[in-house]
Amino acid sequence: MTAAGQAEAEGAGAEPGAARLPSRVARLLSALFYGTCSFLIVLVNKALLTTYGFPSPIFLGIGQMAATIMILYVSKLNKIIHFPDFDKKIPVKLFPLPLLYVGNHISGLSSTSKLSLPMFTVLRKFTIPLTLLLETIVLGKQYSPSIIVSVFAIVLGAFIAAGSDLAFNLEGYIFVFLNDIFTAANGVYTKQKMDPKELGKYGVLFYNACFMIIPTLIISVSTGDLRQATEFNQWKNVLFILQFLLSCFLGFLLMYSTVLCSYYNSALTTAVVGAIKNVSVAYIGMLIGGDYIFSLLNFVGLNIWNMKPQVSDSGHPPPGQARTSAKCKELPHTPAP
């Protein structure tokens with residue numbers, strides 16, 4: 001984090017062009033870091049919410065927010081990282097990120113608990129066209145026809161797989177589509193707000209978590225989610241506790257890696273990296289979790305998006321992907337939560 005913090009500080013005082021053009025190594029490593037974190041947290045959350053049957057996805061999200069606040073605050077106190085102290089202008093600077101942040105968190109965890117991993121990952125692909133659309137509207141970016149065609153191939157595969165899902169769960173589908181919307185919006189607005197001269201990467205992460213942990217706790221109490229969490233019968237199980245703590249830590253790493261990837265690349269690249277990772281998650285999910293029901297049409301639909309061409313916002317493969325895609329078949333994107 002120290003190196004990243006120094007890079008951010010240098011970027012704030014350096015030439016504008018240099019700040020906008022990070023090295024290929026930084027872009028590649030940030031993408032790989034995000035893909036790895038996203039892959040690991042999906043597996044850990046799936047184990048907690050399905051294998052153990054933990055009934056409180058909102059409480060799990062609160063744990064991840066608390067871990068983020070604690071880690072960043074302690075790092076700031078020890079001068080490992082820097083972000084501005086609170087002032088009354090910060091909520092205005094951040095809006096609407098806190099709302100998108102908590103929506104992304106809750107919808108992501110809820111959909112993970114209600115869908116098989118293959119269907120969860122394939123339906124998360126709708127994040128990519130939504131991100132492309134929002135970057136065009138909010139950031140004014142334009143994309144080549146080849147990128148648009150690739151995105152529609154992703155959507156086609158997702159529709160085929162969803163139309164033949166034998167374990168169809170309407171509530172799960174609603175949550176995952178909400179998660180797609182929140183993830184895409186969160187990625188685009190994070191890119192817009194991440195000015196090193198304002199809040200910077202760490203400030204965006206810290207104040208997002210601070211502003212939303214109390215409202216999320218209130219939601220958890222009012223919906224009975226907190227009561228279900230406290231009454232859960234596995235709190236004496238050491239293995240469950242370790243996985244719960246691991247999920248909280250990975251939640252912080254995922255949020256940090258998402259911001260880092262968007263900072264060095266773009267929101268669309270982050271979404272595509274998330275999509276590549278999901279290839280591994282989908283096939284692993286057919287073997288673990290116990291909630292995937294095989295059908296030929298569904299399997300074909302899954303493989304259409306698995307074999308889709310991957311492109312970044314520049315119209316070419318994301319930095320280094322041509323050399324690494326075979327090793328890091330992926331997925332945040334989106335972030336995320």
Does any non-hydrogen side-chain atom of [Y] lie less than 4.5 Å from one of [X]?
X	Y	result
Ile81	Leu72	yes
Ile71	Tyr256	no
Lys76	Asp85	yes
Pro91	Phe86	yes
Thr36	Phe39	no
Gln64	Ile41	yes
Gln234	Phe244	no

Can you tell me how far [atom2] of [Y] sits from [atom1] of [X], rounded to the nearest 0.5 angstrom?
X	Y	atom1	atom2	value
Ser257	Leu32	OG	CG	11.0 Å
Leu43	Leu48	CG	CG	11.0 Å
Thr127	Leu134	OG1	CG	10.5 Å
Leu245	Leu250	CG	CG	11.0 Å
Ile62	Leu217	CD1	CG	4.5 Å
Leu254	Leu40	CG	CG	10.0 Å

- Check ring-ring contact (aromatic ring centres under 6.0 Å, His included) between Phe206 and all other residues, then give those that pass, not counting sequence neighbours.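 Phe206 satisfies ring-ring contact (aromatic ring centres under 6.0 Å, His included) with Phe83 only.
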Quick one: do [X] and [Y] end up in the same hydrophobic cluster if we chain Ile, Leu, Val, Met, Phe, Trp and Tyr together by side-chain heavy atoms under 4.5 Å apart?
X	Y	result
Phe211	Ile219	yes
Phe175	Leu49	no
Leu77	Met70	no
Leu239	Phe249	yes
Leu97	Ile181	no

- Query: Considering residues at least two apart in sequence or located in another chain, which fulfil the salt bridge (charged side-chain N to carboxylate O under 4.0 Å, His left out) criterion with Asp87?
  - Reply: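 Per chain and number, Asp87 pairs via salt bridge (charged side-chain N to carboxylate O under 4.0 Å, His left out) with no residue.
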Can you name the nearest heavy-atom pair linking [X] to [Y], along with the distance?
X	Y	answer
Ser107	Leu178	OG-C, 4.0 Å
Thr68	Leu205	CG2-O, 4.2 Å
Thr136	Leu132	OG1-O, 2.8 Å
Asp225	Phe59	OD2-N, 2.9 Å
Met65	Ala209	O-CB, 4.0 Å
Leu260	Phe33	CD2-CD2, 4.1 Å

Is a donor on one side and an acceptor on the other found under 3.5 Å between the side chain of [X] and the backbone of [Y]?
X	Y	result
Asn265	Cys261	yes
Thr50	Ala47	no
Ser38	Gly35	no
Asn78	Val74	yes
Ser220	Leu226	yes

- What residue pairs, at least two apart or across chains, pass side-chain hydrogen bond (donor to acceptor under 3.5 Å, both in side chains) with a residue in residues 206-215?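 Listed by first then second residue: nothing to list.
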- Message: Looking only at the aromatic ring of each residue, does the gap between the centers of Phe240 and Phe232 stay below 6.0 angstrom?
- Response: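 Centroid separation for Phe232 and Phe240: below 6.0 Å.
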